[in-house]
2 protein chains.
Amino acid sequence: MNRNRPTMLDVAKESGTSLKTVSRVVNGESGVNPELVTKVERAVKKLHYRHNLTAGSLRRLGGRTKTIGLLLENVSNPFSAALHRTVEDCARARGIEVMTGSLDGDSARERELINGFIARRVDGLIVVPSSDDHKYLVNERRAGTQFVFIDRPALNFNSDAVTATNSEGVEEAVTSLISLGHKRIAFLGDFEGIFTAKERHNGYRKALRSSKIPVDKELEKLGFHNESEIEAFLIDLLSRQNRPTAIFTAQNVITLVAIRVLRSKNLHHKIALIGFDELPLADLLDPAISLVTQDIHAMGSIAAQLLFDRIDGVKSGYEERVVPTTFTQRASGLIKA
Amino acid sequence: MNRNRPTMLDVAKESGTSLKTVSRVVNGESGVNPELVTKVERAVKKLHYRHNLTAGSLRRLGGRTKTIGLLLENVSNPFSAALHRTVEDCARARGIEVMTGSLDGDSARERELINGFIARRVDGLIVVPSSDDHKYLVNERRAGTQFVFIDRPALNFNSDAVTATNSEGVEEAVTSLISLGHKRIAFLGDFEGIFTAKERHNGYRKALRSSKIPVDKELEKLGFHNESEIEAFLIDLLSRQNRPTAIFTAQNVITLVAIRVLRSKNLHHKIALIGFDELPLADLLDPAISLVTQDIHAMGSIAAQLLFDRIDGVKSGYEERVVPTTFTQRASGLIKA
DNA sequence: GTGAAAGCGCTAACAT
DNA sequence: ATGTTAGCGCTTTCAC
């Protein structure tokens with residue numbers, strides 16, 4: 001029972017001061033007689049008093065709870081986890097705690113979790129969205145909850161957002177493949193409904209167009225429901241007569257499966273491979289894997305800063321900040337056509 | 001400003017009912033006239049009412065906030081992240097949200113974060129501890145906050161805990177090396193002050209003892225301050241005349257460095273290696289890496305269940321649950337002496 | 001500089 | 001079955 005916790009009134013009685021003085025001391029307000037401060041602090045220690053921030057937020061102007069929500073694709077995937085850590089560090093510097101949740105691409109879960117966080121009155125939310133319509137947030141923002149989107153922008157909802165140069169990053173990587181003589185380059189990505197997936201596909205198409213290589217739809221596939229679908233597509237792809245000489249995998253799980261399939265067919269030294277997203281140990285594989293990666297630290301810090309500014313009342317127009325990707329060339333991307 | 005959010009009183013007025021009826025409907029209590037339910041629900045929708053759980057917890061018996069805290073080593077490391085996901089899933093099933101924080105092995109941070117979470121009145125905490133004295137939690141538990149420890153038990157604080165068979169897991173792996181003829185087996189682990197590090201070292205020593213292999217302190221090192229120290233020790237170790245024929249690395253970062261160093265010396269096919277902790281892509285390296293791993297899902301679920309039971313008022317004696325590790329033998333562990 | 005009183009949004013206890 | 005009132009622990013407002 002939290003009921004047995006002492007309150008400010010208990011501390012006031014114990015220290016022979018008033019409730020308000022205790023409040024001032026606990027909140028570190030200036031202008032309190034040092035003697036009283038000592039008395040209060042002694043009583044706090046003696047009674048093991050713990051400030052109740054949630055009660056305070058009820059009456060506090062603006063009702064701030066110094067808690068934010070962070071909605072990720074899945075807290076256990078490396079991209080989400082790294083983003084989480086960055087946001088946590090930014091929040092810690094300001095005495096803000098972070099509540100997290102995984103959406104798994106489910107738009108219903110997005111709404112549920114946002115409702116759950118709002119019921120706990122978070123001051124704002126950083127969201128890697130899973131839904132394709134964020135109109136429903138208009139009322140929440142009007143009521144005082146701030147939102148910043150990350151990785152993908154909001155849809156039907158004008159807001160701050162931080163994204164990466166998905167298209168340009170892929171374009172650079174695919175162009176490098178073309179310059180090595182590749183003309184048949186496969187592209188495996190997520191469903192086009194996902195913003196990042198579409199952007200990455202656009203980058204691939206642009207690179208082909210610039211080099212006047214016609215699109216071969218047989219070499220493209222967007223959207224897989226699970227790993228075995230990826231595997232099946234790749235096995236089919238590689239068994240064709242006119243199989244590709246290079247593969248671009250636009251997401252880390254797809255890259256992982258591609259590595260395994262290429263190995264199992266003993267083609268990992270014959271067919272070039274470049275993937276999108278960080279992959280632990282990618283540099284230790286044989287061949288080492290070329291990757292296009294996002295600057296997660298920059299993305300997370302910018303998103304956190306944007307959110308904190310909004311919570312602090314900044315009213316300027318909504319910003320969309322774009323963070324450059326990095327192309328790390330390794331052996332798998334240098335295999336010639 | 002959260003101030004503009006409508007309250008139950010606004011909903012009551014809009015629906016022509018009373019505050020208490022609104023409360024009943026919002027909380028899904030039975031025994032309310034369906035007509036009134038409809039009226040209230042209509043008003044809730046119209047006004048975009050959002051229940052304020054934090055206000056409710058103030059008055060609610062037991063003061064539950066339906067929020068728990070999860071303190072991890074570092075939310076972005078794979079072990080922590082996987083644990084986080086498991087706990088999140090267990091919590092979600094009960095409508096509980098999770099606040100998280102990274103301790104980085106810092107005991108001051110542990111206290112700070114616990115204080116921050118208690119200030120927000122979490123119902124309980126699941127802790128991978130970083131401090132070596134948890135006496136200070138006695139008062140918190142007395143005041144109604146529940147604690148479950150995971151990965152390492154609490155010190156000077158009697159509580160529920162979930163750990164893995166660290167010692168037995170290592171013993172099994174090292175014994176397998178011995179049975180392949182290895183007698184000079186190096187052991188690299190974390191500082192002995194860390195529970196898991198000590199346990200893993202114990203397992204190593206037990207395996208040697210059972211086979212009557214004398215301990216060679218030159219082959220052991222416990223505690224590194226950073227990756228370059230690990231690297232330096234390994235480089236020295238491998239350049240000795242009587243270098244080890246096998247290495248056991250008792251933690252994932254150490255295993256990673258060992259993989260890199262063995263490769264750089266071209267010894268990865270000559271010296272056996274077994275590591276502790278999961279390593280993504282370990283099966284795709286050449287040689288594939290043998291690992292002793294923890295059942296993170298089981299550990300997380302058990303910890304969550306223990307915590308929820310305590311929150312629900314279970315008063316039985318504190319339990320220490322031990323979850324078996326798994327030894328996955330791959331090529332790196334099968335290299336002979 | 002300090003304190004008393006009101007009230008934040010809700011639930012509990014008690015009417016009706 | 002529904003409503004009224006008090007009060008959770010705190011911050012605000014305002015008086016001293």
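Keep in mind that the numbers below use all heavy atoms, side chains included, and drop hydrogens, waters and symmetry copies. All values derive from a computational prediction rather than experimental measurement.
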Touch class at under 4.0 angstrom, heavy-atom based, for B:L36 against every strand present: sugar-phosphate
Interatomic distance, B:K66 NZ vs C:dT11 C1' [rounded to whole Å]: 15 Å
Nucleotide of C:dG1, D:dG9, C:dA13 approaching B:K20 most closely (side-chain heavy atoms): C:dA13
Nearest-nucleotide comparison on DNA chain C, the residue closer to the 5′ end among B:E29 and A:T17: A:T17
Exceeds 12 heavy-atom contacts within 6.0 angstrom, atom CD of B:E35: no
Lys/Arg N to Asp/Glu carboxylate O, A:R152 vs A:D132, below 4.0 Å: no
Options D:dG9, D:dT11, D:dA1, nucleotide nearest the side-chain atoms of A:S23: D:dT11
For atom CG of B:L19 and atom C1' of D:dA6, their distance in whole Å: 12 Å
N or O in side chain of A:T21 less than 4.0 angstrom from C:dG3 OP1/OP2: yes
Separation of atom CG in B:L53 from atom P in D:dG9, rounded to whole Å: 18 Å
Whole angstrom value for the distance that separates P of C:dG9 from CZ of B:R5: 11 Å
Residue A:R24, side-chain heavy atoms: nucleotide from D:dT11, D:dT12, C:dT2 that is nearest: C:dT2
Nucleotide C:dG9, atom P - distance to CZ of A:R60 in whole Å: 14 Å
Nearest-nucleotide 5' precedence on DNA chain D, A:L9 against B:S18: B:S18
Under 4.0 angstrom between A:N52 side-chain N/O and D:dC8 OP1 or OP2: no
Between C1' of C:dG9 and CD1 of A:I118, the distance in whole Å: 17 Å
